[in-house]
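Residue numbers begin at 1 in each chain, while the letters A, B, ... track the order of the sequences.
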There are 2 protein chains.
Amino acid sequence: MAKNQSTEDYLKGIYKLQHNGKGVATSELAKHLKIGDGSVTGMIKKLAAKRLVHHTPYKGVSLTASGKRLAVQMIRRHRLWEMFLVKFLGYRWDEIHDEAERLEHVTSQEMERRLDKALGYPKVDPHGDPIPTMNGEFDGTAYSPLSEFEVGDRVKIIRVDDDQGVLQLAATLGLGLNKNLTVKEKMKFDGSMIVKVGPKEQFISQRIAKSIFVRVV
Amino acid sequence: MAKNQSTEDYLKGIYKLQHNGKGVATSELAKHLKIGDGSVTGMIKKLAAKRLVHHTPYKGVSLTASGKRLAVQMIRRHRLWEMFLVKFLGYRWDEIHDEAERLEHVTSQEMERRLDKALGYPKVDPHGDPIPTMNGEFDGTAYSPLSEFEVGDRVKIIRVDDDQGVLQLAATLGLGLNKNLTVKEKMKFDGSMIVKVGPKEQFISQRIAKSIFVRVV
DNA sequence: AGTTGATTTTAGGTGCACCTAAATTTAGGT
DNA sequence: ACCTAAATTTAGGTGCACCTAAAATCAACT
């Protein structure tokens, strides 16, 4: 894999996984990137040498300021391309992730600027994910995963994680952006749910419920 | 450099250089790709093993049918992206080559199809180069390099080679697409020219004259 | 035909991102 | 505290595209 390509994927991965607290376990990152644990350690060392991450052996990695700047830039480019794919090329929102993944790595600063302009400076991508500004700031609109809500809550879908098979699944279940739904049942033992979307009820596993982000309505 | 990336660049290079007759010398290809002669030989062997080129040692390389198909596909993608960069992002025609070069290597068949449609099925790119169809056929509009014309000929610029520094130079000299010009002088010894473009006369070296394609008007 | 000079291929080596398997460190239960 | 299981790092190795320098081949001129 090309030099920049890998660096960018690692940084983006670390950024994504560290949303909660601080360090990310190498094994966690390895699983995310679908790469062997040992390979990750090696790459982490190179990134640390370039001052893009902090590495405490056996403890985990976290992004430095410049690492974070790069990570957010990649996320911005990814989401701008997703917007392009939907608005200009007519893709569906569950088809765009992989295409955008490849495009984001061949995007110059100039192109990013022009793409943003051509799209009318969008604030969110087709999944509802906020698009950070050139300076790396996010619009702080609050939302939480569906999994944190309880029976009786009525919520609106704000964004859907563009990872793995979640999108295709969500699409087939009729769980689109801006759809309203009500939590009907929530299983104690595994966190899965039954929700009402429009006229019909739908079973949702915990994994999916953690990838669907909503706001009370 | 990534695996596909290289393969695609080699095939495109061979295609470009073999426009006249048959085989391309490895050294010629090496110069074009800015890569050492020895490296090219090695890569050629791999391409030959995949049946993308024919290689006669010490004689040269030429594309097989499937090699040519791939080469033309890359050219098509390159030119579609150039069109996108100009029409959607507002780039100037002399800024787009390198950006398109990177985009063409991350283009899926589906994306190529949709891009073509979104652009309104264009026949030529912003340099006037014909865009081949999905099946690899070219529209056979005839044009020749400016260098083949003589004093007194009045011609229109149909396309400009998107290579090296030619574009920037052409742009600064006021030699744009669809501009008309008249050949005023042609030097016997080195083939350079003086042409009249609009109100003023312009000196053009032979190298540039070989990269500007025109049709009599 | 033989030598010479240019072109081309071979040989050996680099850096990179990845892998597998073995060694090391850490953390949890008794 | 100790021992064990899991997580992590190290060690050694692969494939790839590239490089440089030496060897082989071709072509052209006497």
S.K.: Please list all pairs passing the salt bridge (charged side-chain N to carboxylate O under 4.0 Å, His left out) test where one or both residues lie in residues 43-70 of chain B, with sequence neighbours left out.
M.R.: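 Residue pairs passing salt bridge (charged side-chain N to carboxylate O under 4.0 Å, His left out), neighbours aside: none found.
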S.K.: Could you walk me through whether B:Arg92 and B:Glu95 pass the salt bridge (Lys or Arg N to Asp or Glu O under 4.0 Å) test, one step at a time?
M.R.: CA-CA 6 Å; B:Arg92 292 198 316 273; B:Glu95 301 173 313; 3.3 Å; yes
S.K.: How would you summarise protein contacts on nucleotides 15-29 of chain C per nucleotide, using B for base, S for sugar-phosphate only and - for none, with heavy-atom distances below 4.0 Å?
M.R.: --SSB----BSSS--
S.K.: Should C:dC16 form a Watson-Crick or G-U wobble pair with both distances under 3.5 Å, which nucleotide is its partner?
M.R.: D:dG15
S.K.: Can you see if the side chain of B:Thr26 gets near the phosphate of C:dT9 - specifically, an N or O under 4.0 Å from OP1 or OP2?
M.R.: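 For C:dT9, OP1/OP2 do have a side-chain N/O of B:Thr26 under 4.0 Å.
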S.K.: Does A:Phe213 reach the side chain of A:Val160, with side-chain heavy atoms less than 4.5 Å apart?
M.R.: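 SC-SC contact between A:Phe213 and A:Val160 ruled out.
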S.K.: Whole Å only: how far is the CD atom of B:Glu28 from the C1' atom of C:dT7?
M.R.: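 Result: 13 Å.
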S.K.: Kindly state whether the ring of A:Phe84 and the ring of B:Phe84 have centres lying under 6.0 angstrom apart.
M.R.: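 Aromatic pair counts; centres sit under 6.0 Å.
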S.K.: Within the side chain of A:Thr64, is there an N or O that forms a donor-acceptor pair under 3.5 Å with the backbone of A:Leu52?
M.R.: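 Side chain of A:Thr64 to backbone of A:Leu52: a pair is present.
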S.K.: Show the nearest heavy-atom pair for residues B:Glu99 and B:Tyr91, with the distance to one decimal.
M.R.: OE2-OH, 2.9 Å
S.K.: Could you tell me whether A:Thr41 contacts a base, only the sugar-phosphate backbone, or nothing, with contacts defined as non-hydrogen atoms closer than 4.0 Å?
M.R.: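 A:Thr41: base contact, heavy atoms under 4.0 Å.
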